[in-house]
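Here is the structure we will look at, set down as structure tokens.
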Amino acid sequence: MEIISLQTKHTTYQMGVTEHGFLVHLYYGKKVDCNMDYLMTAYDRGFSMNPYDAGDDRTVSADVLPLEYPCYGNGDFRTPAFNIKSSSGVLGCDLRFRSMSRSSGKYSIPGLPAVYAENAEAKTVEILLQDESAGVEVILKYGILTELDVITRSAVIKNTGKQPLFLEKAYSGNLDFLCGDYDVLHFYGRHGMERNCERHTVIHGIQSYGSRRGMSSHQHNPFVILAGRGTNEDDGSCYGVSLLYSGNFNCEVEKDQYQQIRFGIGIHSELFSYPLQPGNIFYTPEAACAYTSDGLGALSRIFHHLIRSHICRGIWQKIPRPVLINNWEATYLDFTGDKIVGIAEKAAALGVEMMVLDDGWFGDRDSDDRALGDWTVNEKKLGGTLQSLSKRIHDMGMKFGLWIEPEMINENSRLYREHPDWALVIPGRKPVRGRNQLVLDYSRREIVDYIFERISEVLDSAQIEYIKMDMNRGLSDLFSASLQYQNAGKTMHDYVLGVYHFLERLISRYPNLLIEGCAGGGGRFDAGMLYYTPQIWCSDDTDAIERIRIQHGTSFGYPISAVGSHVSAVPNEQTGRVTDIHTRAVVAMAGSFGYELDLNLLSKVEMEAIKKQIQDFKRYWHLIHNGDYYRLTTPGIDTEVAAWNFTAQDQSEALLNIVSLDTHCNSPVTYVKCKGLDGNAHYQLEGTSQLISGNALMEIGIPVPIVSGEYHAWQMHFIRL
């Protein structure tokens, strides 16, 4: 058997080519230095189909082989990663190995986000699979980031025949395991409560998690973990896969009749049937994969490093981002230029660095049923030009930002009256509305270009350093006026390509612009968006206690630097809960920090607290954004406090954060153990003369004070002597 091994610093990913040309997956796990083909067995399995070229050998069957990129049509009845339909309606193909090549550097993907690296940091392996009779070639691409222990997967599909083909399924990657007992961890939710971690045993049959909403969605996230049954935060084998894609996706986990497990991820095959003309090429999105035997926390830190250093781009990738205040929860759509300046004046006096003007600055946008698509400044509402407002803000020493929602349109807008065919609306049928708005057909490049030019005119008219790019409804009514025949699957994917094209043009034209992604909060929180926007509004739920759970789940696959998080008003707009402003700040500091409230309603004590919070955030920024993040508790499950700490990568300091979630009469003392410290060193708790060994902090921990009342928070800074 020909062996193909991909080696990282601590892992081995190994494939083999059978005598009949099947590309099989032999092993992925802790680094080994031997051929793993000894794991393969061959038996005559009852009613398993045999390839014709195997002759009378009934021990060969695609239905039991651990296939690297399984397709429908070769006798494998498990869930495939790939399926095609011919123009005459014939389904399936039989992909066989043809060749393999290696090169230095990391591949890129035209029109799609992808992990990047310097040539010395990465290698690329390409494997060609082919079915000549079906007229299709598939090039499997592997990017190997050796030091980071990451392997990326993508596929390039070419129609080599003379007739059109339709891609019915084209996953980015697949992992087949010959044996093992695993749990799957996925991250479900809803608007206002995204990315809750749910763990359950992989059972016989197919378990799937995905989105058909045209975006990665609040409901499921394109980051999934497969973990050994006993794996915990600090120990055990686990695999993470993050799909760099912001549209419909699906992850499927199947345990078959022989206890083998198949784990695949890619574009959702429902609402997908992509036409491929002769000679045309289709690129799948990329999936980033990692393995560790050191538990879920170590796996998370691999992805944190990957996203911070090899997915996020631009000047804001690694430098401090301004502490901002957003006017939304203070004014909603009811504001004037003077009111915005008034908010900025109070904020500037407290140390806030940027004023963000949210929804309502354009067209006649005085309610949420009008003016989306009319990207012209409402100078009457602002009392002058956007440039004059921006100058007033900048004269205070602050930066200035804007909210936009460029993918949407209201029926009550000038743009819709002029171009009703630009919206995704089925002729002769009343459209499905979401938030009183329709979706622009971003699968059409001329529409993307038009919106880009209008937004650019606004950005060129004033000094603007930040954009919050929102998207407040899913895709339905999938009729595109540009298609000769309607194909929802093509429209869905091309829409995402249109969004990426818009963002790529935006960051190319405005390289100093900080863009925060948003989709009704966390409805498009994925690694694909982070390629264009280094931070994403984590959730529209700004309640501090709710945010603990949301940010906890988010941390499994995404770094703290990617999390947009604000201190908001109390009683909280979403839950009505009242929490202390210190608690709100401790929670919001686990992200890109800011405020979203009416400063006029705060007491002098709260105003002074904000000054200190901003100073503390700046002081701890290097730890929060670039340090190693450790989950210390599972909020509300294993303890009645939520706790996490940031540790410098050289272990020189750590920031411990604790929030109480409940209160009791005559309560026992809770102890929180730190992680990631130098066990042989001593640490001083800042503000005290107390010295504690690293081992003591990690083995016994810190007692949480017992105080009266709910939702208290503590922040403790430890410095190694």
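Please read these numbers as outputs of a predicted model, since none were measured by experiment. Residues: numbered from 1 along the sequence shown.
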Proximity of Y558 and F303 rings by center, below 6.0 Å: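 Ring-ring flag for Y558/F303: false, centres at least 6.0 Å apart.
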Given L415, D441, I451, the one that forms side-chain contact (heavy atoms from CB on, under 4.5 Å) with W422: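 Testing W422 for a side-chain contact (heavy atoms from CB on, under 4.5 Å) against L415, D441, I451 leaves exactly one candidate, L415.
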Among E504, M215, M469, the one residue meeting side-chain contact (heavy atoms from CB on, under 4.5 Å) with V499: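 Single side-chain contact (heavy atoms from CB on, under 4.5 Å) partner of V499 among E504, M215, M469: M469.
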May I ask you to decide if the ring planes of [X] and [Y] are parallel, tilted or perpendicular, using 30° and 60° as cut-offs?
{"X": "Y209", "Y": "H186", "value": "parallel"}
{"X": "W375", "Y": "F362", "value": "tilted"}
{"X": "H493", "Y": "Y274", "value": "perpendicular"}
{"X": "Y500", "Y": "Y245", "value": "perpendicular"}

Going by atom types only, do [X] and [Y] share a side-chain donor-acceptor pair under 3.5 Å?
{"X": "E446", "Y": "H419", "answer": "no"}
{"X": "R213", "Y": "S216", "answer": "no"}
{"X": "Y107", "Y": "E126", "answer": "no"}

Is it the case that the side chain of [X] and the backbone of [Y] share a donor-acceptor pair, with hydrogens and angles ignored and the cut-off at 3.5 Å?
{"X": "R153", "Y": "N174", "answer": "yes"}
{"X": "Y69", "Y": "Y171", "answer": "yes"}
{"X": "T331", "Y": "N327", "answer": "yes"}
{"X": "S390", "Y": "L386", "answer": "no"}
{"X": "D470", "Y": "W403", "answer": "no"}
{"X": "N410", "Y": "N412", "answer": "no"}

Stepwise salt bridge (charged side-chain N to carboxylate O under 4.0 Å, His left out) check, R509 with D460: CA-CA 10 Å; R509 181 161 172 167; D460 291 342; 2.6 Å; yes
Of all heavy-atom pairs between [X] and [Y], which one has the smallest distance, and what is that distance?
{"X": "S208", "Y": "N250", "result": "CB-OD1, 3.7 Å"}
{"X": "L333", "Y": "D359", "result": "CD2-O, 3.4 Å"}
{"X": "Q163", "Y": "S87", "result": "CB-OG, 3.6 Å"}
{"X": "G214", "Y": "N248", "result": "N-OD1, 2.6 Å"}

Can you confirm if the NZ or CZ of [X] lies within 45° of the ring axis of [Y] and under 6.0 Å from the centre of its six-membered ring?
{"X": "R195", "Y": "F187", "answer": "no"}
{"X": "R313", "Y": "Y531", "answer": "yes"}
{"X": "K468", "Y": "Y466", "answer": "no"}

Taking the side chain as every heavy atom from C-beta outward, state whether [X] and [Y] have any pair of such atoms under 4.5 Å apart.
{"X": "Y142", "Y": "L140", "value": "yes"}
{"X": "P275", "Y": "K490", "value": "yes"}
{"X": "L438", "Y": "D477", "value": "no"}
{"X": "V241", "Y": "V224", "value": "no"}
{"X": "F223", "Y": "I265", "value": "no"}
{"X": "L244", "Y": "D526", "value": "no"}
{"X": "I267", "Y": "L243", "value": "no"}
{"X": "L112", "Y": "P110", "value": "no"}

Measuring from [X]:[atom1] to [Y]:[atom2], what's the distance to the nearest 0.5 Å?
{"X": "D494", "Y": "S443", "atom1": "CG", "atom2": "OG", "result": "6.0 Å"}
{"X": "L271", "Y": "L478", "atom1": "CG", "atom2": "CG", "result": "7.0 Å"}
{"X": "I464", "Y": "S461", "atom1": "CD1", "atom2": "OG", "result": "5.5 Å"}
{"X": "I536", "Y": "S246", "atom1": "CD1", "atom2": "OG", "result": "7.5 Å"}
{"X": "C312", "Y": "Y532", "atom1": "SG", "atom2": "OH", "result": "12.5 Å"}
{"X": "E168", "Y": "S269", "atom1": "CD", "atom2": "OG", "result": "9.0 Å"}

Between [Y] and [X], is the closest basic N to carboxylate O distance under 4.0 Å?
{"X": "R454", "Y": "D449", "result": "no"}
{"X": "K169", "Y": "E270", "result": "no"}
{"X": "D374", "Y": "R365", "result": "no"}
{"X": "E194", "Y": "R524", "result": "no"}
{"X": "E286", "Y": "K141", "result": "no"}

Verdict with supporting geometry, D421 and R444, salt bridge (charged side-chain N to carboxylate O under 4.0 Å, His left out): CA-CA 11 Å; D421 64 311; R444 296 169 60 182; 3.7 Å; yes
Candidate pair W537 and D540, rule side-chain hydrogen bond (donor to acceptor under 3.5 Å, both in side chains), full reasoning: CA-CA 8 Å; W537 182 229; D540 278 349; 3.0 Å; yes
Derivation of the side-chain hydrogen bond (donor to acceptor under 3.5 Å, both in side chains) call for Q535 and S592: CA-CA 7 Å; Q535 65 189 53; S592 291; 3.1 Å; yes
Step-by-step side-chain hydrogen bond (donor to acceptor under 3.5 Å, both in side chains) determination, Q317 to R308: CA-CA 7 Å; Q317 176 190 16; R308 284 199 306 255; over 6 Å; no
Q437/E405 under side-chain hydrogen bond (donor to acceptor under 3.5 Å, both in side chains): CA gap, chis, key distance, verdict: CA-CA 11 Å; Q437 59 199 52; E405 193 173 4; 2.8 Å; yes
Test log, rule salt bridge (charged side-chain N to carboxylate O under 4.0 Å, His left out), inputs R433 and E411: CA-CA 10 Å; R433 288 176 178 160; E411 293 166 277; 2.8 Å; yes
K381 NZ: over 12 foreign heavy atoms closer than 6.0 Å: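 It does: K381 NZ has more than 12 such atoms within range.
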Working for salt bridge (charged side-chain N to carboxylate O under 4.0 Å, His left out), residues K158 and E137: CA-CA 5 Å; K158 183 176 182 179; E137 287 182 352; 5.6 Å; no
